[in-house]
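The basis for the numbers below is simple: all heavy atoms, side chains too, and nothing from hydrogens, waters or symmetry mates.
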Amino acid sequence: QVHLVESGGGLVQAGGSLRLSCAASGRTFSSYAMGWFRQAPGKERELVAAISWSGGSTYYADSVKGRFTISRDNAKNTNTVYLQMNSLKPEDTAVYYCAAASAVSWLEQGYWGQGTQVTVSS
């Protein structure tokens, strides 16, 4: 069982940066692949970035490549995955969700956090 809590969302101007954090509970955090999804009003949910359990493999949606960076800290007292978002655009506005699963391909069916709102003003 993994419990996820996101933080770091907020309002930022276009071109600005935000760093989202997802704190995970559970002793097996380091064995889970992690990902960040987002969903904007009226749009389908999108996998934005994902990282393997070791951190050695990452995935980015084309829309965020070169601007977003996913990372993780598997230290016992940290168990956190991050999403550094730079050069933000109004189209990045969405609720961002953290997810965990035993493989990246299973993230949609895995554990989810409650989400954090990111709003980018033009």
Side-chain angles (χ1 to χ4, degrees):
Q1 189 79 12
V2 177
H3 182 60
L4 305 172
V5 178
E6 301 98 333
S7 61
L11 173 64
V12 64
Q13 288 189 332
S17 298
L18 282 175
R19 188 176 81 155
L20 305 184
S21 299
C22 174
S25 62
R27 293 179 295 174
T28 58
F29 170 79
S30 60
S31 66
Y32 281 87
M34 303 293 295
W36 288 94
F37 289 82
R38 68 185 180 187
Q39 187 162 25
K43 294 189 177 181
E44 291 190 359
R45 187 168 59 195
E46 172 188 25
L47 176 60
V48 173
I51 189 167
S52 62
W53 66 272
S54 66
S57 178
T58 57
Y59 160 85
Y60 296 96
D62 287 343
S63 57
V64 307
K65 277 181 183 176
R67 301 188 297 120
F68 290 11
T69 303
I70 189 170
S71 61
R72 67 186 298 160
D73 185 344
N74 289 343
K76 184 172 69 173
N77 295 326
T78 305
N79 284 356
T80 302
V81 63
Y82 304 96
L83 185 68
Q84 178 66 46
M85 305 186 295
N86 298 329
S87 301
L88 283 161
K89 304 175 181 180
E91 51 263 43
D92 294 318
T93 295
V95 178
Y96 284 71
Y97 298 91
C98 174
S102 56
V104 170
S105 58
W106 296 345
L107 282 171
E108 289 219 37
Q109 293 77 35
Y111 300 100
W112 285 69
Q114 82 289 350
T116 186
Q117 176 72 46
V118 171
T119 303
V120 185
S121 63
S122 57

**Prompt:** Do Met85 and Val120 share a hydrophobic cluster, counting only Ile, Leu, Val, Met, Phe, Trp and Tyr and linking them when any side-chain heavy atoms are less than 4.5 Å apart?
**Reply:** yes
**Request:** Establish whether Val2 and Tyr82 are linked, either directly or via other cluster members, by ILVMFWY side-chain heavy-atom contacts under 4.5 Å.
**Result:** no
**Message:** If I compare all heavy atoms of Ser122 with all of Ala14, which pair ends up nearest, and what's the gap?
**Reply:** CA-CB, 4.3 Å
**Request:** For atom CD of Gln114, decide whether the heavy atoms of other residues, nucleotides or ligands shown that lie under 6.0 angstrom number more than 12.
**Result:** yes
**Complete:** CH2 of Trp36 to CD1 of Ile51, rounded to nearest 0.5 Å, is 12.0 Å
**Message:** With clusters defined by side-chain heavy atoms of hydrophobic residues (ILVMFWY) lying less than 4.5 Å apart, directly or transitively, does Val118 cluster with Val64?
**Reply:** yes
**Message:** Ignoring hydrogens, what is the shortest heavy-atom contact between Ser52 and Gly56? Give both atom names and the distance.
**Reply:** OG-N, 3.3 Å
**Prompt:** Looking at Ala101 and Gly110, what are the two nearest heavy atoms and their distance?
**Reply:** CB-CA, 4.2 Å
**Request:** Under the side-chain hydrogen bond (donor to acceptor under 3.5 Å, both in side chains) rule, collect the residues that match up with Tyr32, sequence neighbours excluded.
**Result:** none
**Request:** Any chance you could measure Thr58, atom OG1, to Phe68, atom CZ, to the nearest 0.5 Å?
**Result:** 14.5 Å
**Item:** Reported CD-to-OG distance for the pair Gln109 and Ser102, which is rounded to 0.5 angstrom
**Value:** 10.0 Å
**Asked** Within the side chain of Glu6, is there an N or O that forms a donor-acceptor pair under 3.5 Å with the backbone of Cys98?
**Response** yes
**Prompt:** Atom CD1 in Ile70, atom OH in Tyr59: separation rounded to 0.5 Å?
**Reply:** 11.5 Å
**Asked** Can you name the nearest heavy-atom pair linking Ser17 to Gln84, along with the distance?
**Response** CB-NE2, 4.0 Å
**Request:** Mind listing the closest non-hydrogen atom pair of Tyr97 and Gly113 along with its distance?
**Result:** CD2-O, 3.8 Å
**Request:** Calculate, to the nearest 0.5 Å, the distance between atoms CG and OG1 belonging to Leu11 and Thr93 respectively.
**Result:** 8.5 Å
**Message:** If you define the side chain from C-beta out and look only at heavy atoms, does anything of Met34 sit under 4.5 Å from Leu4?
**Reply:** yes
**Prompt:** Given side chains that start at C-beta, do those of Thr69 and Tyr60 come closer than 4.5 Å, heavy atoms only?
**Reply:** yes
**Fill in**
dist Ser25:OG -> Tyr111:OH (nearest 0.5 Å) comes out at 10.0 Å
**Prompt:** Between Val95 and Gln39, is any pair of side-chain heavy atoms under 4.5 Å apart?
**Reply:** no
In residues 42-49, what donor-acceptor pairs under 3.5 Å come from side-chain atoms, sequence neighbours left out?
unit_1, atom_1, unit_2, atom_2, d
Arg45, NH2, Glu108, OE1, 2.9
Glu46, OE1, Arg38, NE, 2.9
Glu46, OE1, Arg38, NH2, 3.3
Glu46, OE2, Ser63, OG, 3.1

**Asked** Below 4.0 angstrom, N of the basic side chain to O of the carboxylate: do Lys89 and Asp92 qualify?
**Response** no
**Joint hydrophobic cluster, Tyr96 plus Val104, side-chain heavy atoms closer than 4.5 Å** = no
**Message:** Quick check against the 3.5 Å criterion: does Arg67 have a side-chain atom that pairs as donor or acceptor with the backbone of Ser87?
**Reply:** yes
**Complete:** In terms of heavy-atom contacts, Phe29 and Asn74 come closest through CE2-OD1, 3.1 Å
